[in-house]
Protein chains: 2
Amino acid sequence: MKRIGEVALALGLSVDTLRYYEKIGLVKNIQRNGSGVRCYQESDIARLRFVKRAQKIGFSLGEIASLLNFRGNPQKAKPLVRELALQKLTELEQHLKEITALRDELSQLVNLCNATPEGCPILDSFETD
Amino acid sequence: MKRIGEVALALGLSVDTLRYYEKIGLVKNIQRNGSGVRCYQESDIARLRFVKRAQKIGFSLGEIASLLNFRGNPQKAKPLVRELALQKLTELEQHLKEITALRDELSQLVNLCNATPEGCPILDSFETD
DNA sequence: GCTTGACCTGAAGTTGGCTCCAAGTCATAA
DNA sequence: TTATGACTTGGAGCCAACTTCAGGTCAAGC
């Protein structure tokens, strides 16, 4: 039965973020004490850890909401979760390719810049087709 | 002397984007005809191509504005541009590392999922510390 | 003369994930 | 008893890079 400040500290989230997660329905039915103060149960905190971990993997809060809904029914969930994970994996691979290409191109420009005594080959490269 | 629609089509940008670029000062002093219609000169279009190319390299519009200002003075610009490019390169490398780590972790989860006949190891992985 | 379509403007809305604010309640410590 | 500090709320603000909207002008074609 932790209060919001303790939970925030424990999880490395801000209290505003915790309230925001509640507002968008990512965590639900947080108990309140007589004064209206949120009292997080262990299960709520586990849910929040789930959110954090899934977010770190690259899922959006919307996708995490889906994952959390799947959680109630693991048998039904398996293929759906697998599909979501595969799709996310594809996105990451694509993202990776694009960034690698950018990195290589920029790296080449910087090398060129080192090798060129005057003028600015980086700016020049933007000028020509 | 092209009109905004032609330029948009030629560059693969929307007319709204072109007007937006003008609003934020990324392109300046676009001529107008008697009716107030924008008339883009070749130099304006070159500038826009510069913007597109720099954006593709991963520079933000703000950074591109700086680059464009440098352009007037290539000698002075060189070290500044080099520094900006190096910094961007570092960012890209960092980004690359993070995404690779995510990719690997998710990939492992999907493999585990393939190898596990029942239950959902992906969801399970979010549950435990 | 009327319609169509491209253009104009300033302002507001969108996205995701927070972050901050003002104004108020409540329990505890000095 | 009063001051502190953690909590409450609804709502606004933030970021980038657009996108959409409402309402208006203008030139060309039928």
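Predicted, not measured: the structure shown is a model, and the values here were computed from it.
Enclosure of atom CD in Q108(A) is not indicated, since only 12 or fewer non-hydrogen atoms of other residues, nucleotides or ligands lie within 6.0 angstrom. Within 6.0 Å of atom CD in E83(B), 12 or fewer heavy atoms from other residues, nucleotides or ligands are found, so the atom counts as exposed in its surroundings.
If you take CD1 of I4(A) and P of dC18(C), they are 14 Å apart, rounded to a whole angstrom. In this structure, CZ of R3(A) is placed 6 Å from C1' of dC7(D), rounded to the nearest angstrom.
Nearest approach of Y40(B) to R3(B), heavy atoms of both residues: CD1-C, 4.3 Å.
Under the 4.0 Å criterion applied to side-chain N and carboxylate O atoms, K88(A) and E63(A) are assigned as salt-bridge partners. In summary, E98(A) and K56(B) do not engage in a salt bridge, as defined by a charged side-chain N under 4.0 Å from a carboxylate O.
At dA27(C), one or more side-chain N or O atoms of S35(A) fall inside 4.0 Å of OP1 or OP2 (strictly under the cut-off).
Listed in residue order, the members of residues 13-34 of chain B having a heavy atom less than 4.0 Å from DNA chain C are R19(B), R32(B).
The residue among S60(B) and R38(A) whose nearest nucleotide of DNA chain D lies closer to the 5′ end is R38(A).
A salt bridge (charged side-chain N to carboxylate O under 4.0 Å, His left out) with E22(A) holds for exactly one of R38(A), K28(A), R47(A); it is R38(A).
Contacts of Q55(B) with the nucleic acid, taken as non-hydrogen atoms under 4.0 Å apart, involve only primed sugar atoms and P, OP1 or OP2.
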